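Here is the structure we will look at.
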Amino acid sequence: QVQLVESGGGLVQVGGSLRLACAASGSIFRLYTLGWYRQAPGKQREVVASISNSGRTNYADSAKGRFTISRDNAKNTVYLQMNSLKPEDTGVYYCNAIITVSQNYWGQGTQVTVSS
(Lines give C-alpha, C1' and ligand atoms only; values in the text may rest on other atoms or scores of the structure.)
Protein backbone atom coordinates (compact mmCIF):
# COMPACT_ATOMS: atom_id res chain seq x y z
CA GLN A 1 0.00 0.00 0.00
CA VAL A 2 1.30 3.43 -1.00
CA GLN A 3 0.75 6.36 1.35
CA LEU A 4 1.08 10.00 0.31
CA VAL A 5 1.38 12.91 2.75
CA GLU A 6 1.17 16.52 1.57
CA SER A 7 2.58 19.52 3.41
CA GLY A 8 3.38 23.17 2.83
CA GLY A 9 -0.07 24.67 2.41
CA GLY A 10 -1.23 27.75 4.23
CA LEU A 11 -2.51 31.29 3.96
CA VAL A 12 -0.62 33.62 1.66
CA GLN A 13 -1.17 37.07 0.19
CA VAL A 14 -1.68 37.76 -3.50
CA GLY A 15 1.68 37.64 -5.25
CA GLY A 16 3.26 35.43 -2.62
CA SER A 17 4.80 31.99 -2.92
CA LEU A 18 4.41 28.55 -1.41
CA ARG A 19 6.16 25.24 -1.91
CA LEU A 20 4.10 22.12 -1.47
CA ALA A 21 5.67 18.74 -0.82
CA CYS A 22 4.29 15.24 -1.00
CA ALA A 23 6.21 12.40 0.60
CA ALA A 24 5.42 8.87 -0.49
CA SER A 25 6.02 5.45 0.92
CA GLY A 26 7.17 2.59 -1.24
CA SER A 27 10.35 1.37 -2.85
CA ILE A 28 9.57 2.04 -6.52
CA PHE A 29 8.89 5.78 -6.34
CA ARG A 30 11.17 6.38 -9.31
CA LEU A 31 8.68 4.55 -11.51
CA TYR A 32 5.63 6.57 -10.46
CA THR A 33 3.90 9.21 -12.50
CA LEU A 34 3.07 12.06 -10.11
CA GLY A 35 0.65 14.93 -10.19
CA TRP A 36 -0.77 17.82 -8.24
CA TYR A 37 -4.50 18.48 -8.33
CA ARG A 38 -6.58 21.32 -6.96
CA GLN A 39 -10.15 21.25 -5.75
CA ALA A 40 -11.76 24.62 -5.11
CA PRO A 41 -14.90 24.87 -2.97
CA GLY A 42 -17.92 23.68 -4.94
CA LYS A 43 -15.82 22.68 -7.94
CA GLN A 44 -14.46 19.43 -9.29
CA ARG A 45 -10.87 18.38 -8.83
CA GLU A 46 -8.58 19.42 -11.66
CA VAL A 47 -5.00 18.69 -12.55
CA VAL A 48 -2.52 21.50 -11.98
CA ALA A 49 0.77 19.84 -12.91
CA SER A 50 2.21 16.41 -13.55
CA ILE A 51 5.60 14.81 -13.97
CA SER A 52 6.37 11.46 -15.52
CA ASN A 53 8.86 8.86 -14.38
CA SER A 54 11.28 10.23 -16.97
CA GLY A 55 10.90 13.82 -15.78
CA ARG A 56 8.55 15.20 -18.43
CA THR A 57 6.25 17.87 -17.05
CA ASN A 58 2.85 19.24 -17.99
CA TYR A 59 0.95 22.19 -16.58
CA ALA A 60 -2.56 23.52 -16.62
CA ASP A 61 -2.85 26.79 -18.51
CA SER A 62 -3.54 28.58 -15.24
CA ALA A 63 -0.23 27.34 -13.81
CA LYS A 64 2.11 27.88 -16.73
CA GLY A 65 4.84 30.38 -16.00
CA ARG A 66 4.05 30.48 -12.28
CA PHE A 67 4.20 26.90 -10.96
CA THR A 68 6.97 24.32 -11.18
CA ILE A 69 6.65 20.62 -10.42
CA SER A 70 9.74 18.61 -9.54
CA ARG A 71 10.64 15.29 -7.99
CA ASP A 72 13.40 13.93 -5.82
CA ASN A 73 13.41 10.17 -6.21
CA ALA A 74 16.03 9.70 -3.50
CA LYS A 75 13.65 11.32 -1.01
CA ASN A 76 10.44 9.83 -2.42
CA THR A 77 9.06 13.36 -2.66
CA VAL A 78 7.34 15.48 -5.29
CA TYR A 79 7.18 19.27 -4.99
CA LEU A 80 5.07 22.06 -6.36
CA GLN A 81 6.64 25.51 -6.27
CA MET A 82 3.93 28.14 -6.60
CA ASN A 83 4.85 31.75 -7.32
CA SER A 84 2.83 34.88 -8.06
CA LEU A 85 -0.19 33.38 -6.35
CA LYS A 86 -3.68 34.59 -7.19
CA PRO A 87 -6.99 34.23 -5.33
CA GLU A 88 -8.16 31.74 -7.96
CA ASP A 89 -5.32 29.42 -6.88
CA THR A 90 -7.19 28.82 -3.62
CA GLY A 91 -8.23 25.25 -2.94
CA VAL A 92 -7.22 21.95 -1.49
CA TYR A 93 -4.17 20.56 -3.24
CA TYR A 94 -3.78 16.81 -3.57
CA CYS A 95 -0.87 14.77 -4.80
CA ASN A 96 -1.48 11.71 -6.89
CA ALA A 97 0.70 8.76 -7.77
CA ILE A 98 0.09 6.36 -10.61
CA ILE A 99 1.95 3.10 -10.23
CA THR A 100 0.05 1.04 -12.77
CA VAL A 101 -3.17 1.49 -14.68
CA SER A 102 -5.00 -0.13 -11.76
CA GLN A 103 -2.95 1.39 -8.92
CA ASN A 104 -3.69 5.06 -8.30
CA TYR A 105 -3.13 6.71 -4.92
CA TRP A 106 -4.11 10.05 -3.39
CA GLY A 107 -2.88 12.06 -0.44
CA GLN A 108 -5.14 13.68 2.13
CA GLY A 109 -4.75 17.17 0.69
CA THR A 110 -3.33 20.44 1.96
CA GLN A 111 -5.22 23.72 2.02
CA VAL A 112 -3.92 26.71 0.09
CA THR A 113 -5.67 30.04 0.61
CA VAL A 114 -4.65 33.16 -1.29
CA SER A 115 -6.07 36.33 0.19
CA SER A 116 -7.11 39.28 -1.93
Side-chain angles (χ1 to χ4, degrees):
Q1 180 73 20
V2 174
Q3 293 184 327
L4 305 172
V5 180
E6 300 99 332
S7 62
L11 177 64
V12 65
Q13 294 179 327
V14 170
S17 298
L18 287 172
R19 190 175 79 154
L20 307 183
C22 176
S25 65
S27 60
I28 54 172
F29 182 85
R30 61 184 173 85
L31 301 180
Y32 300 170
T33 293
L34 301 158
W36 285 97
Y37 291 72
R38 176 177 61 232
Q39 187 163 17
K43 297 183 179 180
Q44 63 184 13
R45 193 175 301 182
E46 61 181 354
V47 64
V48 176
S50 64
I51 184 166
S52 74
N53 56 8
S54 63
R56 291 185 176 182
T57 59
N58 289 102
Y59 297 93
D61 288 342
S62 63
K64 290 179 180 177
R66 300 187 299 122
F67 293 5
T68 302
I69 188 170
S70 61
R71 64 192 296 163
D72 186 337
N73 292 338
K75 297 181 178 179
N76 280 15
T77 302
V78 60
Y79 303 93
L80 184 68
Q81 178 68 46
M82 303 187 292
N83 299 323
S84 302
L85 284 163
K86 305 174 181 179
E88 51 263 44
D89 296 321
T90 294
V92 178
Y93 284 72
Y94 299 87
C95 64
N96 170 257
I98 299 173
I99 292 80
T100 69
V101 68
S102 61
Q103 292 179 285
N104 190 348
Y105 299 90
W106 294 90
Q108 83 288 348
T110 185
Q111 177 70 44
V112 171
T113 302
V114 184
S115 65
S116 60

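Here the structure is a predicted model, which is why all the values come from computation and not from measurement.
Tyr37 and Trp106 have their aromatic ring centers within a separation under 6.0 angstrom.
For the pair Met82/Val112, a side-chain contact is recorded, criterion being any heavy-atom separation below 4.5 Å from C-beta on. Leu34 has its side chain out of reach of Cys95: every pair of non-hydrogen atoms, C-beta onward, lies at least 4.5 Å apart. For the pair Val78 and Tyr32, the minimum side-chain heavy-atom distance is 4.5 Å or more. Two residues are said to be in side-chain contact when any heavy atoms from C-beta on lie closer than 4.5 Å; Val114 and Lys86 fail this criterion.
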Original post:
Going through the checks in order, is the side chain to side chain donor-acceptor pair (under 3.5 Å) test met by Ser17 and Asn83?
Top reply: CA-CA 4 Å; Ser17 298; Asn83 299 323; 2.9 Å; yes
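Of all the heavy atoms in Thr77 and Ala21, the pair that sits closest is CG2-CB, 4.2 Å. Here the closest heavy-atom approach between residue Leu80 and residue Ala49 is recorded as CD1-CB, 4.1 Å. In this structure, Gly91 and Gln111 approach most closely via the heavy-atom pair O-NE2, 3.5 Å. Contact record, Leu11 with Ser115: CD1-CB, 4.3 Å, taken as the closest heavy-atom pair. Contact detail for Arg66 and Leu85: the closest heavy-atom pair is NH1-CA, 3.9 Å. Closest of all the heavy-atom pairs between Ile99 and Tyr105 is CD1-CD1, 3.3 Å.
Following chains of ILVMFWY side-chain contacts shorter than 4.5 Å, one cannot reach Val92 starting from Leu18, and the two form parts of different hydrophobic clusters. Note: the hydrophobic cluster containing Tyr93 does not contain Tyr79 (ILVMFWY, side chain heavy atoms under 4.5 Å, direct or indirect links).
For the atom pair CG of Asn73 and CZ of Arg30, the computed distance is 8.5 Å after rounding to the nearest 0.5 Å. Atom OG of Ser62 is separated from atom CD of Glu46 by 6.0 Å, given to the nearest 0.5 angstrom. Remark: Arg45 CZ to Arg38 CZ distance equals 12.5 Å, nearest 0.5 Å.
For the pair Arg71 and Phe29, the distance from NZ or CZ to the six-membered ring centre is under 6.0 Å and the angle to the ring normal is within 45 degrees.
With Asn104 as the partner, the side chain to side chain contact (heavy atoms under 4.5 Å, CB included) test is satisfied by one option alone out of Thr33, Val2, Asn96: Asn96. For the side chain to side chain contact (heavy atoms under 4.5 Å, CB included) test with Tyr59, the passing option among Val47, Val48, Ile69 is Ile69; the others fail.
More than 12 non-hydrogen atoms from other residues, nucleotides or ligands lie less than 6.0 angstrom from CD of Gln108.
Scanning for ring pair (Phe, Tyr, Trp, His ring centres under 6.0 Å) contacts around Tyr94 gives an empty result, with sequence neighbours left out.
In this structure a side-chain-to-backbone donor-acceptor pair under 3.5 Å is present from Ser25 to Gln3. No side-chain donor-acceptor contact under 3.5 Å links Thr57 to the backbone of Ile51.
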